[in-house]
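Read the structure below first, then the notes.
Residue numbers run from 1 in the order of the sequence given. All values below were derived from every heavy atom in this structure, side-chain atoms included, with hydrogens, water molecules and symmetry-related copies excluded. Being a predicted model, the structure only gives us computed values, none of them experimental.
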Amino acid sequence: MNDASGRPYDVVVVGAGMTGSVTAGRAAELGCRVLQLDTAEDSTAGGNTTLSGGGLHLARSRFDADPEILRDKILTRSILGRIELIDVVAKTAGQTLGWILEQGVELAPAAPGDIECMLAPIRDLGDVHAWRDAGPQRALRVLQQRFREHGGEIMPATRAVEFARGPSGEIAGVITEDGRRLAANAVMLADGGFQANPELRRRFISPNADRMFLRGAPNSVGDGLLMAESAGAKLLNTEWFYGHILHRDVFENDKLWPWPGLDELLPRGAILVDAHGARLADEGRLPTVIVNAIGRSEDPRGATVIMDEEMWEASAGEWVWGHRAPNPELVERGARLIRADTLEDLAAQAGIDADGLTSTLYFYDTAVANDKASNLPIPRSGTARPLRPPYIALPAVAGISHTMGGAMIDDQMHVLDHDERPIPGLYAAGPGTAGATVGYYGGFSEATTLGMSAAQTIAEERRR
């Protein structure tokens, strides 16, 4: 299938979330013939975008701040950072924000906390169903309408599963699940990752990663990753994902996601243990590191947050970036709060090995009391003090929002092969790729800036 003129499209964009919609819209504006695909019936409703908070920030700074400041802030939150892509994000951010606003996307006049730019209207982060007609979905509607005005076409309810090939084996579009051949000179993969595919989670993250709770889009099953792999793409950082620690009752209680997250209690001095009573991670590290430790553990559903009553009460009533803190939100939403005066009783109620928990707390409390927390087998950084009865336990599970690794890309969004050379005609960005960093530093930062960069590369190479 070609475009209305009978020619191949300049590019087929696979995915209609924020990455795909920015890429498609900007490429069409620059004169490309663009076809955008999405697996959802409603192309504004199927991906990660609708479940997001809607923040447009880079490490809490505006997109149009000084690029050097943005670069430095990203680096402070970076895990396995790729400098060449971090530079693209920082340098492209100001232009990207200006372009988004030019399309007619609206920002909230007053955003919560220290984030200045939020898509309007601000969604209720405590209600997983509150995304409908909130800022992220409205932004997609605006971007996709403008895309159509520039001659772009959107094909919903369409799943691309392999590349169409030309006479010499070159990429020549995509083939859909129902066998249609959509001809194009290039393909842009922006399908949102593989978090909704238990088999791929087991393959790439850990053997038990299918036991995590899906805190993300059910349509993101990794088609783009598998297509890139079939084309010889080098895969990088596929074991990493973005997510939060959720209360384990979330499997039976829909009110316990996407927020509140139990990782918000760890900076208060709480610790994280497995079913054997052993600590799982340094609780003072970045939330991304901690939730990944749970996701790759023996049982991603077997973690427990342990704190004491004083810590719990000290966290009461605080609002955290657009949603209430776990105390009292968890209790009000029906989550179990396990209390006990002894570690043995706490362990029995929480299903934790009592000897293991008692031993862990003895050595932990002793080390912290003597300012030796850095000498623990798993060091403890950040705020820490000995835990004292009465104790509180919160059963936990790793909640995976989206993956953060996949096809390796260069600073122009070309997909690279195993020799790190561009695969002709293949571009990618978003959660299905190895992006600027696997650390979280801001909402739609990579989706929008790298999508913008991809569009401009595609348009420039079309002109050449």
Side-chain angles (χ1 to χ4, degrees), residues 1-17 19-41 43 46-47 143-144 146-192 219 221-233 406-407 409 412-417 421-430 432-433 451 453-464:
M1 175 179 172
N2 302 326
D3 73 358
S5 68
R7 298 171 295 175
Y9 293 95
D10 289 312
V11 61
V12 169
V13 177
V14 180
T19 306
S21 292
V22 169
T23 304
R26 179 59 172 159
E29 184 179 66
L30 292 173
C32 295
R33 302 184 305 280
V34 186
L35 174 64
Q36 188 174 25
L37 312 180
D38 200 75
T39 57
E41 291 283 351
S43 59
L143 293 177
Q144 291 177 19
R146 291 284 287 169
F147 168 59
R148 291 186 179 96
E149 291 171 4
H150 286 292
E153 301 175 46
I154 298 178
M155 191 177 290
T158 303
R159 181 181 179 189
V161 293
E162 63 180 297
F163 293 116
R165 298 288 185 170
S168 302
E170 71 275 14
I171 289 175
V174 299
I175 296 174
T176 65
E177 188 176 33
D178 57 6
R180 285 175 291 171
R181 180 187 175 99
L182 305 176
N185 297 318
V187 175
M188 167 71 180
L189 299 175
D191 71 335
N219 292 339
V221 296
D223 291 332
L225 175 73
L226 294 176
M227 290 169 66
E229 185 179 39
S230 73
I409 54 177
Q412 294 182 306
M413 308 312 116
H414 300 111
V415 175
L416 305 180
D417 65 16
R421 298 173 303 189
I423 298 173
L426 185 56
Y427 309 83
T433 67
S453 179
Q456 293 174 168
T457 298
I458 292 166
E460 176 62 26
E461 292 181 354
R462 169 184 174 271
R463 284 193 292 270
R464 290 204 299 263

Given V174, which partner from the list L35, L37, L189 fulfils the side chain to side chain contact (heavy atoms under 4.5 Å, CB included) test? L37
Would you indicate whether the side-chain heavy atoms of M188 and V12 approach each other to under 4.5 Å? no
Minimum-distance pair of heavy atoms, taken over all atoms of M227 and A160: SD-O, 3.6 Å
Is any side-chain heavy atom of L182 less than 4.5 Å from a side-chain heavy atom of M155? yes
Criterion side chain to side chain contact (heavy atoms under 4.5 Å, CB included) against L30, the qualifying member of E460, Q456, R462: Q456
Return the minimal non-hydrogen interatomic distance between A233 and A407, and the atom names on each side. CB-CB, 4.3 Å
What's the shortest heavy-atom distance between Y427 and A186, and which atoms? CE1-CB, 3.6 Å
Could you walk me through whether E177 and T39 pass the side chain to side chain contact (heavy atoms under 4.5 Å, CB included) test, one step at a time? CA-CA 10 Å; E177 188 176 33; T39 57; over 6 Å; no
Would you tell me whether Y9 and E153 have side-chain atoms, one donor and one acceptor, within less than 3.5 Å of each other? yes
Just by distance, do the side chain of T158 and the backbone of P156 share a donor-acceptor pair under 3.5 Å? yes
Side chain proximity check, I458 to C32, heavy atoms < 4.5 angstrom: yes
Would you find a donor on one side and an acceptor on the other, under 3.5 Å apart, between the side chain of T19 and the backbone of G451? no
Single hit among D191, V221, V14 for side chain to side chain contact (heavy atoms under 4.5 Å, CB included) with R159: V221
Hey, what do you get for CZ (R26) to CG (L143), rounding to the nearest 0.5 Å? 12.5 Å
Here the gap from E41 atom CD to N219 atom CG, rounded to the nearest 0.5 Å, amounts to 10.5 Å
What's the verdict on side chain to side chain contact (heavy atoms under 4.5 Å, CB included) for R180 and I175, showing C-alpha distance, side-chain angles and the deciding distance? CA-CA 5 Å; R180 285 175 291 171; I175 296 174; over 6 Å; no
With side chain to side chain contact (heavy atoms under 4.5 Å, CB included) as the criterion, how do I423 and I171 come out once you've worked through the C-alpha distance, each side chain's angles and the decisive distance to 0.1 Å? CA-CA 9 Å; I423 298 173; I171 289 175; 4.1 Å; yes
Compare every heavy atom of P8 with every heavy atom of N185, then report the nearest pair and how far apart it is. OD1-CB, 4.2 Å
Of all heavy-atom pairs between L426 and A231, which one has the smallest distance, and what is that distance? CD2-CB, 4.2 Å
Is the shortest heavy-atom distance from the side chain of F147 to the side chain of S21 under 4.5 Å? no
Sequence neighbours excluded, which residues qualify as salt bridge (charged side-chain N to carboxylate O under 4.0 Å, His left out) partners of R421? D417, D419
Residues Q144 and S43: side-chain donor-acceptor under 3.5 angstrom: yes
Tightest non-hydrogen contact, residues G406 and L225, listed as CA-CD1, 3.7 Å
Measuring only between side-chain heavy atoms, which start at C-beta, is V11 closer than 4.5 Å to V187? no
